[in-house]
Number of protein chains: 2
Amino acid sequence: MVNIKKDQSAEEKIIAAARKVFLSKGLAGARMQDIADEAGINKALLHYYFRSKDKLFEMIFMEAAQKLFPKINFIFESNMPLFDKIEHFADEYISVMVENPYLPSFVLNEINREPVAFFKKLNEKFGFPDPALFLKQIEREIKKGTIKRINPLQLLMNMLSMCIFPFMAKPMFQLRMGLGETQFRDFMEQRKKEVPKFIIDSIRR
Amino acid sequence: MVNIKKDQSAEEKIIAAARKVFLSKGLAGARMQDIADEAGINKALLHYYFRSKDKLFEMIFMEAAQKLFPKINFIFESNMPLFDKIEHFADEYISVMVENPYLPSFVLNEINREPVAFFKKLNEKFGFPDPALFLKQIEREIKKGTIKRINPLQLLMNMLSMCIFPFMAKPMFQLRMGLGETQFRDFMEQRKKEVPKFIIDSIRR
DNA sequence: ACCTTTGTTAACCATTTGGTTAAATTGCAT
DNA sequence: ATGCAATTTAACCAAATGGTTAACAAAGGT
């Protein structure tokens with residue numbers, strides 16, 4: 001728990017601290033003083049390196065979004081077979097979130113507070129994920145008869161839900177089920193295989 | 001959009017306003033002045049009827065939790081056949097959330113900020129949902145051979161995820177897919193049947 | 001050594017925000 | 001009408017909070 005802070009530059013310390021505070025408390029709940037304390041530096045330095053709370057927040061938010069969205073894009077747009085895509089998606093996506101459990105709550109929440117503004121910003125920065133190809137691919141498989149009839153959007157939503165939701169409910173789930181960190185990790189590791197299997201079992205003809 | 005406020009008591013106006021503001025901005029982001037404005041009354045009245053922001057928040061939070069948790073309990077503890085339970089759960093739960101789309105984000109988020117405190121409070125107020133029976137029932141069906149082998153907790157998580165997550169991603173999903181309110185509603189109405197079908201197709205032997 | 005640039009801090013400042021107060025208004029029982 | 005309790009408001013207040021400033025320390029080039 002003690003400082004790794006010694007050999008980090010002030011700027012790095014600030015970013016690490018801001019990440020921690022913003023991710024757990026959100027924009028509205030975060031305090032500049034908390035971030036300064038967490039970084040072990042003077043509050044004025046926050047403004048020296050990043051002009052304002054909003055600017056600092058934006059950099060953390062973009063960093064977080066970067067971890068989530070480009071990966072979706074890549075898988076959506078690749079030319080793997082459908083079942084492979086599903087397997088890859090679950091595996092890679094859950095992996096990211098296991099390492100950053102707060103990520104989905106944080107990003108979705110802040111988007112919910114100011115949807116249009118964030119949507120625009122995310123779109124210009126890096127193309128907001130476009131599932132069009134993935135949906136087409138599902139339709140094609142349905143026509144080929146390899147999978148059952150289903151609204152492609154429903155299938156997409158099912159996949160996203162089962163991968164992402166567990167992290168958004170993590171604290172409640174752990175308390176209710178009495179799971180520690182490692183047990184939750186194990187549960188999510190199992191899920192990397194379980195979710196694709198569950199989906200494919202459901203839609204395969 | 002105009003006032004129904006005329007024939008409501010001040011207390012009712014406050015509660016309605018607080019509900020709206022807290023649900024969309026969260027505890028940290030909500031301002032007492034915003035709530036007063038929304039209710040069209042003086043800020044001091046908020047403190048006259050409810051002592052503090054925290055007290056007011058707690059009443060709104062509990063009201064929200066009440067809409068979500070007892071219903072889960074009831075279905076978990078009923079003695080319906082497994083497939084019926086899944087169908088009922090999806091149908092009833094999605095219905096509640098269609099009428100209150102912010103509910104899941106709000107409740108889960110605030111729990112995430114202060115997990116242990118909320119967990120205790122929810123437990124004393126009304127028993128926090130206990131899926132033990134539901135999980136047992138799944139095991140029994142597996143042993144009977146009516147459904148495939150699966151970790152019951154994974155199945156539970158799948159069901160919860162597919163019902164709840166769409167509402168947490170609602171704004172983003174709508175923007176990305178260009179869906180209006182009615183279209184989203186239709187999508188969720190379709191989901192009431194689709195989710196149980198998806199699950200049962202997956203686990204049925 | 002000296003100076004200039006960069007980094008860092010303590011002390012401040014202005015605004016926001018939750019909360020209080022005392023006066024005014026309303027409702028209503030007598 | 002009169003008096004009394006409940007309700008409502010404008011004006012305040014103190015603490016918290018984002019942000020600034022001016023002085024000070026470090027680093028590095030000459």
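Below, read A as the first sequence line, B as the second, and so on, with proteins coming before strands; counting in each chain starts at 1. These numbers were taken from a predicted model, which means no experiment stands behind them.
In this structure, the CZ atom of B:Arg51 is 8 Å from the P atom of C:dT20, given to the nearest Å. Between B:Leu27 atom CG and C:dT17 atom P the separation is 14 Å, expressed in whole Å. Across the protein-nucleic acid pair, B:Lys53 atom NZ and C:dT17 atom P stand 9 Å apart, rounded to whole Å. Rounded to an integer number of Å, the gap from CG of A:Leu56 to C1' of D:dT17 is 15 Å. Summarising the geometry, the separation between CD on B:Glu58 and P on C:dG18 is reported as 17 Å, rounded to the nearest angstrom. Rounded to whole Å, the distance from CE on A:Met32 to P on D:dG19 is 6 Å. At whole-Å resolution of the value, CG in A:Asp54 and C1' in D:dG18 are 10 Å apart. Following rounding to the nearest Å, A:Asp37 (CG) and D:dA16 (C1') show an atom-to-atom distance of 14 Å.
Here B:Arg31 reaches the OP1 or OP2 of C:dG18: one of its side-chain N or O atoms lies under 4.0 Å away. Distances shorter than 4.0 Å separate some side-chain N or O of A:His47 from OP1 or OP2 on D:dG19.
When heavy atoms are screened at a 4.0 angstrom cut-off, B:Ala30 is found touching the sugar-phosphate backbone but no base atom. Within the nucleic acid shown, B:Ala28 has no heavy atom closer than 4.0 Å to any nucleic acid atom.
Rounded to 10 degrees, the angle between the two end axes of the helix from C:dA1-D:dT30 to C:dT30-D:dA1 is 0°, with five pairs used at each end.
For the 3.5 Å distance criterion, the side chains of B:Asp130 and B:Asn73 fail to qualify, holding no donor opposite an acceptor.
Between A:Lys85 atom NZ and A:Asn79 atom CG the span is 7.5 Å, to the nearest 0.5 Å. With values rounded to the nearest 0.5 angstrom, A:Arg140 atom CZ is found 11.0 Å from A:Leu135 atom CG.
Partner B:Glu189 forms a salt bridge (Lys or Arg N to Asp or Glu O under 4.0 Å) with one of B:Lys192, B:Arg185, B:Arg191 and no other, that one being B:Lys192.
A salt bridge links A:Glu181 with A:Lys170: the distance from a Lys NZ or Arg NE/NH1/NH2 to an Asp or Glu carboxylate oxygen falls below 4.0 Å.
Aromatic ring centres of A:Phe61 and A:Phe118 lie closer together than 6.0 Å. For B:Phe106 and B:Tyr102, the gap between ring centers reaches or exceeds 6.0 Å. Side-chain rings of B:Phe22 and B:Phe57 approach one another, their centers coming within less than 6.0 Å.
The number of heavy atoms from other shown groups lying within 6.0 Å of CZ (A:Phe74) does not exceed 12. In B:Lys148, the NZ atom is crowded: over 12 heavy atoms of neighbouring residues, nucleotides or ligands sit closer than 6.0 Å. Surrounding NZ of B:Lys67 are more than 12 heavy atoms belonging to other residues, nucleotides or ligands, all under 6.0 Å away.
Using a 30° and 60° split on the angle between ring planes, A:Phe184 and A:Phe167 fall in the perpendicular class, above 60°.
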Got a list of protein N/O to nucleotides 6-12 of chain C N/O distances below 3.5 Å?
| from | atom 1 | to | atom 2 | distance (Å) |
| --- | --- | --- | --- | --- |
| C:dG7 | OP2 | A:Tyr48 | OH | 2.9 |
| C:dT8 | OP2 | A:Tyr49 | OH | 2.9 |
| C:dT9 | OP2 | A:Asn42 | N | 3.1 |
| C:dA10 | OP2 | A:Asn42 | ND2 | 3.2 |
| C:dA10 | N7 | A:Asn42 | ND2 | 3.2 |

Shorter than 3.5 Å, N or O on both sides, protein versus nucleotides 26-28 of chain D: list them out with atom names.
none

